[in-house]
Protein chains: 4
Amino acid sequence: MADALKIPAQDEALVKARRRQIFLAVTRVLARKSFHQATVKEMALEAGLAAGSIYMYLRSKDEILLLLADSMVGELVDVLPEIRAAAGDDPRRELLAVMRAALDVIDRYREAFAVLNHEVRYLEQRVEYRAALRESLSPYKSALAGPLERGRALGLMRFDDLPSVVEALHMLCSGLAMGASMLAKTDKETYWREIAAIAEGRFFGAAG
Amino acid sequence: MADALKIPAQDEALVKARRRQIFLAVTRVLARKSFHQATVKEMALEAGLAAGSIYMYLRSKDEILLLLADSMVGELVDVLPEIRAAAGDDPRRELLAVMRAALDVIDRYREAFAVLNHEVRYLEQRVEYRAALRESLSPYKSALAGPLERGRALGLMRFDDLPSVVEALHMLCSGLAMGASMLAKTDKETYWREIAAIAEGRFFGAAG
Amino acid sequence: MADALKIPAQDEALVKARRRQIFLAVTRVLARKSFHQATVKEMALEAGLAAGSIYMYLRSKDEILLLLADSMVGELVDVLPEIRAAAGDDPRRELLAVMRAALDVIDRYREAFAVLNHEVRYLEQRVEYRAALRESLSPYKSALAGPLERGRALGLMRFDDLPSVVEALHMLCSGLAMGASMLAKTDKETYWREIAAIAEGRFFGAAG
Amino acid sequence: MADALKIPAQDEALVKARRRQIFLAVTRVLARKSFHQATVKEMALEAGLAAGSIYMYLRSKDEILLLLADSMVGELVDVLPEIRAAAGDDPRRELLAVMRAALDVIDRYREAFAVLNHEVRYLEQRVEYRAALRESLSPYKSALAGPLERGRALGLMRFDDLPSVVEALHMLCSGLAMGASMLAKTDKETYWREIAAIAEGRFFGAAG
DNA sequence: TATGAATGAGTTTTCATTCAT
DNA sequence: CATGAATGAAAACTCATTCAT
């Protein structure tokens with residue numbers, strides 16, 4: 001209802017399908033080149049649309065970034081209920097499960113995720129996008145912040161500054177996608193083992 | 001001896017000074033806009049040079065990224081001897097000190113660091129840059145990898161996959177710069193306290 | 001059948017028309033300035049296209065030279081059947097008729113021809129253009145070489161080195177366009193009379 | 001005396017030597033690339049001068065073309081007295097000897113000659129250069145026109161339009177340098193045999 | 001007389017976006 | 001709804017020329 005008429009109101013279902021089509025196409029293109037090297041035409045063609053047709057579903061190239069955020073966070077949100085159910089009322093289990101679910105999404109779209117993670121910074125500065133972006137991202141943020149706060153309240157986690165910890169945990173997960181340089185083509189499970197260990201405090205093991 | 005170097009044997013010192021000038025200017029420009037929004041002209045002018053003069057010290061816009069890598073890692077490298085001296089033969093102390101030093105550099109050039117951290121991925125794919133980039137980055141990588149390996153050998157740290165841990169710790173530090181979205185304008189010390197706690201295993205405190 | 005051609009399967013006819021449009025415009029621009037003084041924008045505008053639109057039909061400025069070669073040789077090729085029919089099996093008549101036809105084309109596009117005649121040398125050195133250029137030019141070359149070889153076989157012409165003679169006769173014709181310096185604004189017929197006389201051996205007349 | 005003070009009057013002999021140095025250097029550079037690809041800096045360095053120093057001997061890049069004309073025609077002029085002596089009062093011998101001498105110069109500086117031959121057209125259009133260019137070129141022109149007029153007066157040569165014939169004979173010689181495309185790497189003597197034959201009327205031999 | 005660092009105008013080329021069909 | 005030709009603004013990069021030393 002909010003952005004009901006952004007674009008000549010069309011068949012709701014078609015729009016949804018096309019946007020999914022475009023998201024997946026963009027995801028494939030970004031595996032090959034950067035967001036700035038990739039042209040709108042290229043992404044449209046990859047999605048099976050004519051050069052100009054992408055503008056029926058998107059108002060600008062930058063809006064592709066919003067689409068990425070929406071779609072990826074959407075995939076995370078889809079599994080949250082299940083996670084919460086399984087975690088019962090153990091915030092530690094829930095937090096780790098959310099991180100693991102995030103890692104799954106990140107692994108699915110590594111390069112596109114890396115792009116999004118970087119571009120978000122500039123998108124936030126543009127008034128036209130700020131609100132929409134915040135809204136897209138907030139479920140993810142909350143999914144981390146929720147168990148953190150509960151964990152702290154229950155004395156199961158120790159930290160002072162929530163945003164710092166949210167960011168830190170997010171970065172730990174993001175590493176899988178960002179680590180083109182530092183990280184060899186490590187697979188998801190290997191990476192997960194290490195970051196889970198760090199989060200759980202098993203890294204600085206022995207002495208202490 | 002006459003024409004010793006292939007590249008204009010120019011005044012060695014002048015080149016060094018100008019490159020520093022450019023580095024700092026780029027750093028300031030990137031605080032305002034993305035690498036792709038920023039024009040070469042803008043960066044040159046910010047450095048007090050005419051539009052075309054930047055090409056006396058850089059072969060292309062992309063080489064600016066190499067300059068960023070060189071300069072930032074350089075600043076880290078400068079403090080490594082001191083760190084190593086202070087750490088004695090305690091790998092845990094050394095690792096934390098390196099992370100802290102990295103965080104200091106990151107904090108000094110937040111936005112430029114974020115740009116570099118992202119663009120590195122594309123630079124690595126370009127054969128012309130790969131070697132130079134690897135060389136620029138390797139001291140940083142080693143500074144983390146060194147104490148990690150020693151720590152593991154001494155049973156002071158527990159992990160299986162070195163690259164994953166290097167990347168994870170790097171990401172933990174990077175968070176300060178990347179967290180435009182997730183992280184409020186948290187200051188360095190606040191952020192450090194949290195990631196140090198995570199690394200040291202104090203995060204999942206209590207129970208465990 | 002759907003995506004038969006690699007290059008935009010664009011409307012074949014449109015491409016042809018636009019290329020002709022561009023050829024004629026370039027021809028007009030080159031009457032005023034050199035190839036290197038003339039900007040791509042200027043040529044596009046002269047052709048009634050927007051600055052960047054010329055790149056829908058040409059991959060680079062240098063490809064304009066290929067277009068010149070194609071177009072001019074094309075105009076010569078168009079009249080060759082007629083010439084051959086009229087010449088019967090007299091190689092001398094055919095050779096002179098081909099030279100005359102070449103002179104007609106040269107006269108039609110004097111300056112553009114002069115440009116092409118010069119730039120061909122550099123185009124040939126560029127691997128990307130070599131093959132295409134050779135192919136464009138070869139019908140002209142053959143149109144001269146054919147009657148020459150037949151003439152020699154019949155004892156009607158005397159020469160040893162075919163390429164030298166082809167070049168010499170080509171130069172005789174080209175003179176009309178190149179002679180900005182040496183040649184006053186001599187008209188085509190006057191010039192033709194003299195070079196035909198030279199070729200036919202009537203120049204060093206009398207004695208001998 | 002004409003252009004005595006064009007440039008801060010210096011040691012006459014030094015200027016002459018430096019200009020020769022530059023001429024030869026330019027000649028070498030043009031064997032590798034076109035006049036427009038070649039940079040002033042490159043030519044200066046090839047001449048053993050610093051980038052800016054070439055401007056002590058030349059007022060602009062275009063003046064290099066004037067230098068080429070001066071130098072090449074100068075080399076032709078040097079041998080004219082000898083040619084005239086040897087030719088006695090046979091205009092046919094003299095004409096052929098001049099053409100042969102021109103061919104020698106052309107062969108010596110093939111690429112540079114080709115450049116000059118083309119650029120002359122644009123130089124003539126620039127008022128600042130017209131007079132100087134005409135003056136440089138005129139000895140060559142006259143060397144051809146002289147014997148032609150005498151030959152016609154004596155009934156030894158047949159033609160109507162002098163400029164056309166001058167141009168045609170010039171083109172015949174120039175072919176050696178221009179024939180990058182049409183002419184294989186034919187050597188001077190081979191080419192000379194053919195154009196001499198054409199000029200002498202031996203080409204359309206037999207029948208007639 | 002010679003140098004070479006600096007300049008900044010000028011050029012090619014790309015590409016997001018529009019709109020007639 | 002969809003297309004894809006056309007647009008034209010923008011940007012990286014080059015290089016002739018100057019001038020402080």
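Lettering follows sequence order; numbering is per chain, from 1.
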Proximity of Phe23(D) and Tyr109(D) rings by center, below 6.0 Å: yes
Polar-atom pairs under 3.5 Å, protein N or O versus N or O of nucleotides 11-14 of chain E: list them with distances, or write none.
{"from": "dT12(E)", "atom 1": "OP1", "to": "Lys61(C)", "atom 2": "NZ", "distance (Å)": "2.8"}
{"from": "dT12(E)", "atom 1": "OP2", "to": "Val40(C)", "atom 2": "N", "distance (Å)": "3.2"}
{"from": "dT13(E)", "atom 1": "OP2", "to": "Tyr55(C)", "atom 2": "OH", "distance (Å)": "2.5"}
{"from": "dT13(E)", "atom 1": "OP2", "to": "Lys61(C)", "atom 2": "N", "distance (Å)": "2.8"}
{"from": "dT13(E)", "atom 1": "O5'", "to": "Tyr55(C)", "atom 2": "OH", "distance (Å)": "3.4"}

In whole angstroms, the gap separating C1' of dT17(E) from CG of Leu58(A) amounts to 13 Å
Atom CG of Leu14(C) and atom C1' of dA6(F) are separated, to the nearest Å, by 10 Å
When rounded to whole Å, the CD1 to C1' distance for the pair Ile64(A) and dT17(E) reads 12 Å
When rounded to the nearest 0.5 Å, the distance separating OG of Ser34(C) from CG of Leu123(D) is 11.0 Å
In whole angstroms, the gap separating C1' of dT17(F) from CD of Glu63(D) amounts to 13 Å
Rounded to whole Å, CD1 of Ile54(A) lies from C1' of dA16(E) at a distance of 11 Å
In whole angstroms, the gap separating P of dT14(F) from NZ of Lys33(D) amounts to 12 Å
So, the side chain of Ser53(D) versus the backbone of Leu49(D): is there a donor-acceptor pair under 3.5 Å, distance only? no
Whole-Å distance, Asp11(B) CG to dA5(E) C1', equals 11 Å
Margin query: Is it the case that over 12 heavy atoms from other parts of the model lie below 6.0 angstrom from the NZ atom of Lys61(D)?
Written below: yes
Smallest heavy-atom separation, Gln125(B) atom then Arg32(A) atom, equals NE2-O, 4.0 Å
For Arg121(A) and Ala114(B) the tightest heavy-atom approach is NH2-CB, 3.4 Å
| OP1 or OP2 of dA2(E) under 4.0 Å from side-chain N/O of Tyr57(D) | yes
key: Side chains of Tyr129(C) and Ser60(C), donor plus acceptor under 3.5 Å   = yes
When rounded to whole Å, the CG to C1' distance for the pair Leu45(A) and dA2(F) reads 13 Å
Compute whether any side-chain donor of one residue and acceptor of the other, for Glu119(C) and His36(C), lie under 3.5 angstrom apart. yes
Writing each nucleotide of DNA chain F 5' to 3' as (, ), [, ], | or . by Watson-Crick or G-U pairing under 3.5 Å yields .||||||||||||||||||||
Closest non-hydrogen atoms of Met43(D) and Ile64(D), given as atom of the first, atom of the second and distance, are SD-CD1, 3.6 Å
- prompt: Between Arg18(A) and dC1(F), is there a side-chain N or O to OP1/OP2 distance below 4.0 Å?
  reply: no
